[in-house]
There are 2 protein chains.
Amino acid sequence: MTIDPYSDIPAYKQLAGGVRALIESGDLAPGQRIPSESDLVQRHGVARETARRAIALLRAEGLIQTIQGQGSFVTDPQEAVTVRCRKGTEIAARMPSPDERRALGIPEGVPIFIVRYPEGQESKLRADSNVILFTEE
Amino acid sequence: MTIDPYSDIPAYKQLAGGVRALIESGDLAPGQRIPSESDLVQRHGVARETARRAIALLRAEGLIQTIQGQGSFVTDPQEAVTVRCRKGTEIAARMPSPDERRALGIPEGVPIFIVRYPEGQESKLRADSNVILFTEE
DNA sequence: GCCAATTTGTGCGTATGTATT
DNA sequence: GAATACATACGCACAAATTGG
């Protein structure tokens with residue numbers, strides 16, 4: 001994977017694309033560490049900010065999670081809990097605010113479900129570890 | 001709203017918090033432009049990168065949308081289309097890849113629904129303009 | 001059409017702090 | 001303590017898009 005500084009596509013997006021391809025192909029497996037910022041800087045001859053932007057892009061997609069002092073790791077697909085809902089239940093989804101992220105203990109790049117029950121209550125669920133299934137009752 | 005450089009909370013998060021409060025209170029209404037990067041730099045005495053990080057944070061939350069050459073604007077709440085689903089339908093949600101974003105024409109900070117029908121087909125819907133409702137048929 | 005001003009986008013460099021190993 | 005790795009924050013320059021005169 002090589003960066004072309006003359007391409008129309010910005011360097012950080014090319015870089016992100018390369019790492020994304022490694023993740024999607026399975027060359028970088030879930031739980032595995034991706035190359036560090038310094039690795040990317042040295043191997044591709046870009047500035048650190050460029051490498052950081054590429055990493056931030058993948059984090060916002062939920063593909064990786066970053067831990068200070070350790071590195072960025074391919075997101076481990078959560079074993080999804082199936083939440084059963086009955087007729088009249090309404091589902092929305094959006095990105096959480098930082099407060100909501102803290103409250104639910106979820107990392108960047110993970111949306112939340114807003115589940116509204118027929119009675120009017122509402123609950124928020126992290127969308128990476130829940131799927132909603134419509135059942136009779 | 002003032003930035004305290006000695007706070008434990010990084011300047012860019014303080015800045016984002018200030019703007020977020022303006023949006024949530026309605027002082028900055030949907031469709032309205034938020035202060036430009038230069039505005040934030042001058043009024044709060046921070047570096048441009050700090051202002052940009054604050055803005056990027058709000059964009060990732062889906063609160064604003066940015067247009068090059070124009071500025072960042074408070075996201076206009078989409079009139080949500082209600083999609084009716086029957087028993088056996090399964091709903092997941094996640095952030096889209098850039099390719100999926102392009103394909104669906106959606107901005108940053110907007111998750112997508114993955115709707116799996118009982119027959120096995122699957123469709124992707126932008127989560128900011130759709131809500132899923134479980135009905136009989 | 002043109003030019004200037006404004007605003008965001010990309011990219012580089014540097015420094016320091018914090019967390020982990 | 002040392003080495004590694006990410007986080008924050010400043011500076012600078014130029015490119016690209018839009019707007020207004």
Side-chain angles (χ1 to χ4, degrees), chain A residues 2-19 28 31-75 98 101-102 107-109, chain B residues 2-19 28 31-75 98 101-102 107-109:
Chain A
T2 301
I3 301 303
D4 171 16
Y6 302 107
S7 165
D8 281 344
I9 301 171
Y12 77 94
K13 287 186 181 175
Q14 294 180 50
L15 210 45
V19 178
L28 285 173
Q32 200 172 341
R33 214 197 73 180
I34 72 168
S36 73
E37 296 176 358
S38 320
D39 288 342
L40 296 177
V41 166
Q42 289 171 21
R43 299 216 305 248
H44 297 96
V46 296
R48 188 179 169 216
E49 191 198 296
T50 303
R52 281 182 67 74
R53 286 234 211 112
I55 291 174
L57 206 52
L58 301 176
R59 195 168 44 233
E61 292 171 33
L63 284 182
I64 61 172
Q65 289 171 39
T66 301
I67 306 178
Q68 184 175 356
Q70 295 189 42
S72 294
F73 302 83
V74 179
T75 299
R101 281 229 317 278
R102 264 188 301 279
E108 285 183 63
Chain B
T2 300
I3 301 302
D4 171 16
Y6 302 107
S7 165
D8 282 346
I9 302 171
Y12 77 93
K13 287 187 182 175
Q14 294 180 50
L15 209 46
V19 178
L28 285 173
Q32 199 172 342
R33 214 198 72 181
I34 72 168
S36 72
E37 297 175 359
S38 319
D39 288 341
L40 296 177
V41 165
Q42 289 171 21
R43 299 216 305 248
H44 297 96
V46 296
R48 190 186 168 203
E49 190 198 296
T50 303
R52 281 183 67 75
R53 287 252 281 278
I55 291 174
L57 204 54
L58 301 175
R59 194 168 45 231
E61 292 171 32
L63 284 182
I64 61 172
Q65 289 171 39
T66 301
I67 306 177
Q68 184 176 353
Q70 295 190 43
S72 294
F73 303 83
V74 179
T75 299
R101 281 230 318 278
R102 264 189 300 280
E108 284 183 65

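Sequence lines set the chain letters: A, B, ... in the order given, protein chains first and strands last, and positions in each chain run from 1.
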Taking the nucleotide of DNA chain D with the nearest heavy atom to each, does A:E49 or A:S38 sit closer to the 5' end?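 Checking each residue's closest nucleotide, the 5'-ward one belongs to A:S38.
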For the side chain of [X], starting at C-beta, report the closest nucleotide among [options].
X	options	value
B:P10	C:dT10, D:dA7, D:dT8	D:dT8
A:R52	D:dA9, D:dA7, C:dG11	D:dA7
A:Q68	D:dG11, D:dT8, C:dA19	C:dA19
B:S36	D:dC6, C:dG11, C:dT8	C:dT8

In whole angstroms, how far is the [atom2] atom of [N] from the [atom1] atom of [X]?
X	N	atom1	atom2	result
A:E37	D:dT8	CD	P	11 Å
A:I3	C:dG11	CD1	C1'	13 Å
A:F73	C:dA19	CZ	C1'	12 Å
B:L40	D:dA9	CG	P	14 Å
A:D8	C:dG11	CG	P	12 Å
B:I9	C:dT18	CD1	P	15 Å
A:L57	C:dT10	CG	P	10 Å
B:Y6	C:dT16	OH	P	16 Å

Would you say B:T66's side chain and B:G71's backbone share a donor-acceptor pair under 3.5 angstrom? no
Closer to the 5' end of DNA chain C via nearest nucleotide, is it A:Q70 or A:A11?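 Between the two, 5'-proximity favours A:A11.
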Got a second to check how far [X]'s [atom1] is from [Y]'s [atom2], nearest 0.5 Å?
X	Y	atom1	atom2	result
A:L58	A:I64	CG	CD1	5.0 Å
A:I55	A:T50	CD1	OG1	11.0 Å
B:Y12	B:E49	OH	CD	10.0 Å

Any chance you could lay out the side-chain contact (heavy atoms from CB on, under 4.5 Å) test for A:V46 and A:Q14, step after step, and finish with the verdict? CA-CA 11 Å; A:V46 296; A:Q14 294 180 50; over 6 Å; no
Think [X] has a side-chain N or O under 4.0 angstrom from the OP1 or OP2 of [N]?
X	N	value
A:T50	C:dC12	yes
B:R33	C:dT7	yes
A:Y12	C:dG11	no

Name the nucleic acid region contacted by A:I67, choosing base, sugar-phosphate or nothing; use a 4.0 angstrom heavy-atom cut-off, strictly under. sugar-phosphate
Per the atom types in the model, does the base of D:dA5 pair as donor or acceptor with the side chain of A:R48 at under 3.5 Å?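 Check fails, no donor-acceptor contact within cut-off.
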